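Right, one structure below, let's go through it.
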Amino acid sequence: MAPLVSTQVTHGLKWLIDQLDTRAGILDESSVRSLLNQANLTAQEIAPYIEPQPASYARRCVVRRENYELLVLTWLPSQGSVAHDHSGSLCGLKVFQGSLTEQLFEQGPDGQVRKTTATRLGVTELTVDPGVIIHSLGNDPAAPQTLVTVHIYSPPLPEVRRYAVAENPPPKLFLRQPPPSARTIAIIGGGFTGTMTLANLLRFGNQTELPLHIILIDRQPAFGEGIAYRTNDPRHLLNVPTGRMSAWPDRPDDFLAFIRSKDPSANPGDFQPRKTYGQYVRRTLLDLAESASDRLSVEILRDEATRLTQSTSGWTIQTAAGRTIQSDLAVLTVGHRPPDDPFGKRWIGPRIRYVADPWAALVISQIAPDEPVLLLGSGLTAVDAILTLGRSDRTAPLTVVSRRGLMPLPHTRHPKPPADLSQLAKRLLDPSTPLTIRTLVRTLREQIADATQAGTDWRQVVDGLRPFVAQLWDRLNIAERSRFLTHVRPFWEIHRHRMAPDVANTIDRLRRENKLQVAAGALISATADTTGIDVTLSTRGAPATKTVRVSWVINCTGPGVQNRHSTHPILRPLLEAGTLCDDELSLGLRTDPAGRALNAANNPLPTLLVAGTLRKSTLWESTAVPELRQQAQTIAQTALTTLQNTPHANTKSI
Ligand SMILES: Cc1cc2nc3c(=O)[nH]c(=O)nc-3n(C[C@H](O)[C@H](O)[C@H](O)COP(=O)(O)OP(=O)(O)OC[C@H]3O[C@@H](n4cnc5c(N)ncnc54)[C@H](O)[C@@H]3O)c2cc1C
């Protein structure tokens with residue numbers, strides 16, 4: 001290892017990078033502090049990375065290695081970051097120009113954070129966090145100049161894990177000790193479905209005499225967001241209009257009312273930023289928390305449930321932080337699986353320029369406009385990445401490759417109500433005639449052609465079919481379901497999961513400007529070095545394979561489809577033991593209509609309830625709010641009825 005103390009006075013950026021490169025593995029606090037202290041960085045060296053942007057502070061990557069990354073951040077007056085942590089990465093930062101305000105936060109029992117101390121750092125001052133603090137950084141609104149900071153993260157920062165900030169003390173619900181007679185419900189997964197299950201338990205639990213303690217467990221810091229709503233990018237819009245996004249099945253205008261409380265001119269057909277939806281879900285729960293009865297108590301646990309086992313009195317949950325929770329009833333709302341790896345052994349070389357999980361990929365915002373990018377997959381996940389990358393100053397191409405090269409279709413600006421397809425559904429659901437995918441597709445095409453002639457939009461037909469999808473899915477045998485997945489699914493998805501009109505306009509513009517190219521094709525291999533990747537592709541219609549050189553590859557293939565692999569490790573032992581059972585296509589868990597998990601003998605487990613994407617095996621459409629809000633309500637009501645009707649066994653949480 002090179003000596004830390006140098007006799008030379010001037011060191012500079014190259015010296016800093018050389019020093020960092022000599023260190024293998026994760027950097028330690030004292031080396032980072034010492035190197036940042038000694039690096040005598042000059043204005044000439046840092047200038048190319050200073051990038052004042054009016055929309056938000058800018059992150060420019062200087063170097064990125066497997067064990068660390070070096071960045072320059074530019075903050076105009078009043079620009080700042082959200083409250084966040086570093087997902088366990090060590091972070092060293094030094095002020096190069098201006099003055100930095102660092103605000104520290106502390107997490108409360110309601111999962112939200114509150115301000116503690118604030119400090120200011122002037123030019124050349126530095127701070128190192130070994131990966132434990134929650135903070136926000138910023139440049140004061142009255143600051144006379146742009147703030148520039150130099151950051152080292154080790155390992156590279158996967159994402160800015162955002163926290164929800166509160167001004168008021170936590171509601172009593174979160175501070176109350178549960179009485180010994182309380183029944184315990186553990187909800188594993190605090191995205192939309194888990195949070196709304198909790199909200200429904202409070203709403204309907206208020207109306208019962210049952211003393212209840214509910215523990216909501218999520219490894220992410222801000223409950224209510226899950227994968228879909230944790231984006232901080234205002235260009236990432238909901239793909240369902242405001243008027244259809246209420247979190248309650250029986251209060252259809254609730255989200256619209258929330259939006260109108262901030263903007264009275266908002267319309268039901270508007271498409272709001274997804275981050276606003278996360279705030280709405282949290283607000284919905286916190287409002288209920290304020291009015292919850294004394295018999296109810298709640299704990300929000302930021303932790304990962306690593307093991308779930310059946311016990312005599314219910315379920316035992318073990319967590320990554322070492323807690324053991326005994327619950328009378330457990331709810332599985334673990335949501336989407338991370339994307340599968342489309343490369344496996346076909347990728348040779350370092351993966352530092354491969355973005356495996358675009359929802360947790362801060363690095364996308366660091367990709368420079370002159371760096372060519374290959375996106376694998378052309379669905380809504382790719383659309384998100386394109387919106388982030390498609391800045392007005394982009395000069396290098398964005399290339400999208402998917403099996404069929406199909407992108408989601410747009411919503412209309414004024415969405416119309418779903419068509420009434422009850423007669424058609426009656427025919428298709430007639431048990432005396434077998435149902436095949438071929439019949440379904442043909443019938444739907446005819447219906448759309450007739451509707452178009454009568455002046456009805458195809459979207460109304462697709463939306464009209466949605467209430468019947470679960471029953472139609474139930475009628476398909478495994479061979480037909482498999483046929484759907486292989487041949488029809490990509491077409492169904494682009495019609496069913498649509499883009500907001502403004503998003504579609506941006507995509508069209510980028511295609512017209514040749515900044516975005518979309519191709520149908522397959523991936524052959526990738527060979528990477530530290531500066532880029534040679535990707536070999538076979539594209540439809542081309543006589544031979546071709547190899548393109550790109551700076552980054554982003555995996556936009558979307559959530560993994562199959563269940564029976566390591567991405568939901570909590571399920572595997574239960575599936576292997578036959579306590580739970582998946583379907584032949586491994587799309588999810590078998591459940592009864594109320595959401596009770598079925599075991600291998602096809603018997604329902606009354607105290608293990610399932611909601612969300614894991615129910616795709618039985619319902620197919622089980623991913624979006626209109627379905628999930630109903631499931632959250634049904635699950636909560638089933639849970640309350642079950643506990644009211646079963647004898648109490650002493651429970652405890654350690
Ligand atoms: C990018 C994207 C955009 C979308 N946009 C829309 C939209 O505009 N409108 C719409 O209706 N639907 C949209 N959807 C569909 C979306 O699936 C649902 O709206 C909803 O957010 C799903 O929530 P969920 O709680 O079921 O799952 P998730 O959002 O996946 O949440 C599951 C949570 O469980 C946690 N978890 C998992 N395992 C564990 C464990 N072992 N221990 C602790 N915690 C665990 C995860 O950290 C996560 O927070 C979108 C989906 C995606 C992926």
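Both ligands and their constituent atoms are indexed starting at 1 by order of listing. These numbers come from a predicted model, not from an experiment.
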TODO: Check L628 against ligand 1 and report side chain, backbone, both or neither, counting heavy atoms closer than 4.0 Å.
DONE: side chain
Task: Atom indices of ligand 1, in the order listed, that fall short of 4.0 Å to a heavy atom of I217 - done: 43 (C), 44 (N)
Task: Interatomic spacing from CG in L587 to CG in L619 - rounded to 0.5 Å - done: 11.0 Å
- [ ] Report yes if A305 has an N/O atom closer than 3.5 Å to an N/O atom of ligand 1; otherwise report no.
- [x] yes
Open item on the list: Using a 3.5 Å distance criterion without hydrogens, assess whether the side chain of T399 forms a donor-acceptor pair with backbone atoms of L374.
Closed with: no
Open item on the list: Under a 4.0 Å threshold between the charged nitrogen and the carboxylate oxygen, would E576 count as salt-bridged to R572?
Closed with: no
Task: Residue and atom name of the nearest protein heavy atom (relative to atom 9 (N) of ligand 1), distance in Å to one decimal - done: N239 OD1, 3.4 Å
- [ ] Output the list of atoms in ligand 1 that are nearer than 4.0 Å to some heavy atom of Q220, sorted by atom number.
- [x] 47 (O)
Open item on the list: With a cutoff of 4.0 Å, is M245 in contact with ligand 1, counting heavy atoms of the residue only?
Closed with: yes
Task: Greater than 12 external heavy atoms within 6.0 Å of Q471's CD - done: yes
TODO: Consider every N or O of R274 and every N or O of ligand 1, then say whether any pair is closer than 3.5 Å.
DONE: no
TODO: Measure the distance from atom 27 (O) of ligand 1 to every protein heavy atom, then report the residue, atom name and distance (to 0.1 Å) of the closest one.
DONE: G335 CA, 3.3 Å
- [ ] Measure the distance from atom 12 (N) of ligand 1 to every protein heavy atom, then report the residue, atom name and distance (to 0.1 Å) of the closest one.
- [x] Y229 OH, 3.4 Å
Task: Taking atom 48 (C) of ligand 1 as the reference point, the nearest protein heavy atom with its distance - done: D218 OD2, 3.4 Å
Task: T623: numbered ligand 1 atoms lying under 4.0 Å from its heavy atoms - done: 15 (C), 16 (C), 17 (O), 18 (C), 19 (O)
Open item on the list: Suppose we measure from atom 29 (O) of ligand 1 to each protein heavy atom; which comes out shortest, and what is that distance?
Closed with: I227 N, 3.0 Å
- [ ] Going by heavy-atom distance to atom 37 (C) of ligand 1, choose the closest among V281, T193, V334.
- [x] V334
TODO: Answer yes when R162 and E225 have at least one side-chain N-carboxylate O distance shorter than 4.0 Å, and no when they do not.
DONE: yes
- [ ] Give yes or no for whether the N/O distance cutoff of 3.5 Å, strictly under, is met between L238 and ligand 1.
- [x] no
Task: Top protein contact for atom 34 (O) of ligand 1, by heavy-atom distance - done: G189 CA, 3.2 Å
- [ ] Consider every N or O of H336 and every N or O of ligand 1, then say whether any pair is closer than 3.5 Å.
- [x] yes
Open item on the list: I want to check something: taking the side chain as every heavy atom from C-beta on, are L237 and L387 in contact at a cut-off of under 4.5 Å?
Closed with: no
TODO: Using a strict cut-off of 4.0 Å, indicate which atoms of ligand 1 neighbour a heavy atom of T333.
DONE: 32 (C), 34 (O)
TODO: Return a yes/no value for D384: is any of its N or O atoms, backbone included, closer than 3.5 angstrom to an N or O of ligand 1?
DONE: no
- [ ] Could you list the atoms of ligand 1 found under 4.0 angstrom from a heavy atom of D303?
- [x] 43 (C)
Open item on the list: Can you confirm whether more than 12 heavy atoms, excluding those of R251, are under 6.0 Å from its CZ atom?
Closed with: yes
Open item on the list: Show me which atoms of ligand 1 lie under 4.0 Å from any heavy atom of G226.
Closed with: 29 (O), 31 (O), 49 (O)
Task: Heavy-atom nearest neighbour in the protein, as seen from atom 52 (C) of ligand 1, with distance rounded to 0.1 Å - done: A228 CB, 3.7 Å
- [ ] Sort out for me which residue in R498, K416, R496 forms a salt bridge (Lys or Arg N to Asp or Glu O under 4.0 Å) with D463.
- [x] R498
- [ ] Kindly compute the distance separating CG (L510) from NZ (K515), expressed to the nearest 0.5 Å.
- [x] 6.5 Å
TODO: Return a yes/no value for P626: is any of its N or O atoms, backbone included, closer than 3.5 angstrom to an N or O of ligand 1?
DONE: no
Task: Numbered atoms and elements of ligand 1 in range of V625, under 4.0 angstrom, heavy atoms - done: 10 (C), 11 (O), 12 (N), 19 (O)
TODO: Would you confirm whether the ring centroid of Y280 sits within less than 6.0 angstrom of the ring centroid of Y229?
DONE: no
